[in-house]
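Structure first, commentary second.
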Amino acid sequence: MQDGVKRTVLPSGLRIVTEAIPTTRSISLGVWVGIGSRDETPAMSGASHFLEHLLFKGTHKRTALQISAEIEAVGGETNAFTTKEYTCYYARVLDDDLALAVDVLADAVADSILEPSDVETERGVILEEIAMHEDEPGDEVHDIFTEAIYGDHPLGRLISGTEESITSMTRTQINGFYRRRYTPPNIVVAAAGNLDHATVVRLVRKALAGTALDGKDAPPAAPRLGSKRVPTQKPHTVVRNRDTEQAHVVLGGIGIGRLDERRFALGVLNNVLGGGMSSRLFQEIREKRGLAYSVYSYASQYADAGVFGVYAGCAPGKVDEVLDLTRAELASVAADGLTTEEVARGRGMVKGSYVLGLEDTGSRMSRLAKSELLYGDLMTVDELLARVDAVTEEEVRKVARDLLDQPMTLAVVGPFDEAAFTAR
C-alpha cells in the first residue's frame, strides 16, 4: 500500500479505501458496487443502469430535490455511471463538506425507496436515452461491434438494456435486483483529497447504521474472475443502414482480459498503432491522405475477456480505401511488430497519460476503487511505471501477432445495405 493510502474492511465486508492529499481543498467520494450489466439476465437487461437513475430519486430521509440540492448548496456535484462490470455513485465537494457527502451518498445507495411513480418517470427517460443513442452513429457502431463479437453473452448486450426489456421490467423486479445485488461485500467506498482515513471510516459507519448495508458479518467479495472462456462469434460483417453523411466503421477482434500480463505490452502497441496524432493510423489515414477526420484504435478489457478495435469516421465513398489502409497497417504490425523507437515512444505515451491522469482527486479516487474492486491490489505509481518500462519489443511483437493476425469482425453504420457491403 502506497504512502497516503489506507484501507479498512468493515465486519459486513464493505471496504473503505482512502488517499490523503493534504495539498488539495477538495474531496472526491465514490460508492462503487461490483455489479454491472453482465450480471443481468436477458429479461433484466438494463437493470443496473435503471437503478443508477432511480437511486437519486428519493430515500426515506430525502426527496430527489433534497439529494441534489444539499450537495449543490455547498458547491459540490454528484453523478453516477454504469459499466458492464460495476456501477459508481460519486460526489465531489470541499473538504469541509465531507460529512454531508458521505451521508447523502450512503443514504441514496443504501436506502432508496424506488417509488412506483419514479420508476415510471425514469422508464420514460431511459427509453428516450436508448432512442437518442441510436441517433448517434459514432457511438452506436461500437455497440454493434461488441455485440458482433459476443453475441447473446451479457458482454454483448447494451448497458442501457433494450426498449423491450426496459418497457417490461417491473418495480418489483428492479427492487429485487437492488436488494439481492447491492450487498456490503460487493461495495467499495473510495475517497481521495484532504481527508483523514479514520474520520471517513467513522462517517461511513454512522451513515450506514441501521440500513440494509449494515449487514451481518461477511468477507469482502473477491475480484471478479468470470468464466474460463467467454464464448465469441465467428468473425463477420454487420451493417446497420442509416442515412448518415458519414460512414462509421469499427474493425477488430478478440482482445485480452483485464488481468492478462500482456496488458502492458498492449498499452504500448495501442498507443503507437492508433493512440494519438503521431500514431500510424492517424498519420496514414488522416495526415497523409485526409480520408477521415477521426481514426483511432482502442482496447476494452473485462475480467475474463476483451476486444481490440480500430474506429474510423469517413465519407461513405472512402470506406473501401480506409479499410484497405487499416487492414494493411494491422497486417504489417502483426508481421513485423514495432520499431525500437516506436516502442520507446509507446512506453512514454502510456506512462505520461497515466501520471497526468492522476492530477485531480476524482481520478485518484477512481484508481483506488478500481484497484480494490477489480484487481484486489493497488500498485504504486512507481511500480506501474516500472512495469511499463519493462515492456520489450518482443512482447509487443507477440501481442500484436496474437491479436492482429486473426480474422476480423467489421461493424458499419452508414448509407449501405448489408449485401452490397459484404460483396465488396
Side-chain angles (χ1 to χ4, degrees), residues 1 5-19 27-40 44 47-52 54-56 59-62 67 78 80-91 98-114 174-192 195 197-226 303 365-378:
M1 199 68 73
V5 176
K6 294 184 179 180
R7 176 180 184 266
T8 294
V9 181
L10 299 185
S12 64
L14 185 143
R15 288 153 283 174
I16 302 167
V17 189
T18 68
E19 181 176 7
I27 293 175
S28 290
L29 173 76
V31 179
W32 297 67
V33 187
I35 298 297
S37 62
R38 75 172 296 179
D39 300 300
E40 302 159 355
M44 291 297 289
S48 298
H49 178 246
F50 211 144
L51 263 183
E52 176 214 312
L54 288 170
L55 294 200
F56 284 121
T59 70
H60 289 94
K61 287 170 57 177
R62 293 177 174 90
I67 289 171
T78 57
F81 61 88
T82 307
T83 73
K84 293 181 187 285
E85 297 189 321
Y86 56 87
T87 307
C88 172
Y89 304 84
Y90 64 92
L98 171 64
L100 173 66
V102 170
D103 193 56
V104 170
L105 274 191
D107 187 29
V109 175
D111 198 34
S112 280
I113 298 172
L114 310 191
I174 298 168
N175 189 60
F177 185 90
Y178 175 34
R179 291 307 174 190
R180 285 193 309 273
R181 300 290 192 161
Y182 277 50
T183 60
N186 284 327
I187 294 176
V188 172
V189 175
L195 54 78
H197 179 78
T199 300
V200 176
V201 172
R202 177 177 55 79
L203 290 171
V204 171
R205 281 179 175 274
K206 179 182 176 184
L208 295 180
T211 72
L213 296 186
D214 186 17
K216 59 185 178 182
D217 290 5
R224 184 196 301 267
L225 296 178
M365 179 272 288
S366 295
R367 174 173 173 264
L368 294 177
K370 290 178 182 178
S371 296
E372 178 66 39
L373 197 63
L374 308 181
Y375 295 95
D377 181 42
L378 177 66

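A quick note: this is a predicted structure, and the numbers were derived from the prediction, not measured.
Counting heavy atoms from C-beta outward, E85 and S48 have side chains that stay 4.5 Å or more apart. Under the 4.5 Å side-chain criterion, counting only non-hydrogen atoms from C-beta, T211 is not in contact with D107. Under the 4.5 Å side-chain criterion, counting only non-hydrogen atoms from C-beta, P184 is in contact with L213. Within the 4.5 Å cutoff, no side-chain heavy atoms of I27 are placed close to those of M365. With contacts defined as side-chain heavy-atom distances shorter than 4.5 Å, the pair R7/V9 qualifies. Side-chain contact check for L10 versus V201: some heavy-atom pair is nearer than 4.5 Å. F50 places none of its side-chain heavy atoms less than 4.5 Å from the side chain of L55.
In terms of heavy-atom proximity, L368 sits nearest to V17 at CD1-O, 3.9 Å. Residues D39 and G36 approach most closely at OD2-N, 2.8 Å, considering heavy atoms. Between Y90 and A80, the shortest heavy-atom distance links the atoms CE2-N, 3.9 Å.
Applying the side-chain hydrogen bond (donor to acceptor under 3.5 Å, both in side chains) criterion to Y178, with sequence neighbours excluded, gives no partner residue. With sequence neighbours excluded, no residue forms a salt bridge (Lys or Arg N to Asp or Glu O under 4.0 Å) with K206. Every residue two or more places apart in sequence or in another chain that forms a side-chain hydrogen bond (donor to acceptor under 3.5 Å, both in side chains) with N186 is listed here: T183.
For the atom pair OH of Y86 and CG of L373, the computed distance is 8.5 Å after rounding to the nearest 0.5 Å. Taking CZ of R224 as the reference point, atom NZ of K84 lies at 12.0 Å (rounded to 0.5 Å). A distance of 13.5 Å separates CD1 in I16 from NZ in K6, rounded to the nearest 0.5 Å. Between atom CG of residue L105 and atom CG of residue L203 there is a gap of 12.0 Å, rounded to the nearest 0.5 Å. Residue R181 holds its CZ atom at 11.0 Å from OG1 of T87, rounded to the nearest 0.5 Å. Between atom CD1 of residue I187 and atom CG of residue L208 there is a gap of 8.0 Å, rounded to the nearest 0.5 Å.
Between W32 and F81, the ring planes are perpendicular. Angles over 60° get that label, and only those under 30° would be called parallel.
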L378 and E372: side-chain contact (heavy atoms from CB on, under 4.5 Å), yes or no, with the steps? CA-CA 7 Å; L378 177 66; E372 178 66 39; over 6 Å; no

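In this structure, the side chain of R15 engages the main chain of P185 through a donor-acceptor pair within 3.5 Å.
Salt-bridge formation is detected for the pair D103/R62: a Lys NZ or Arg NE/NH1/NH2 atom is positioned less than 4.0 Å from an Asp or Glu carboxylate oxygen.
Defined by atom type and a distance below 3.5 Å, a donor-acceptor pair is present between the side-chain atoms of T8 and H197.
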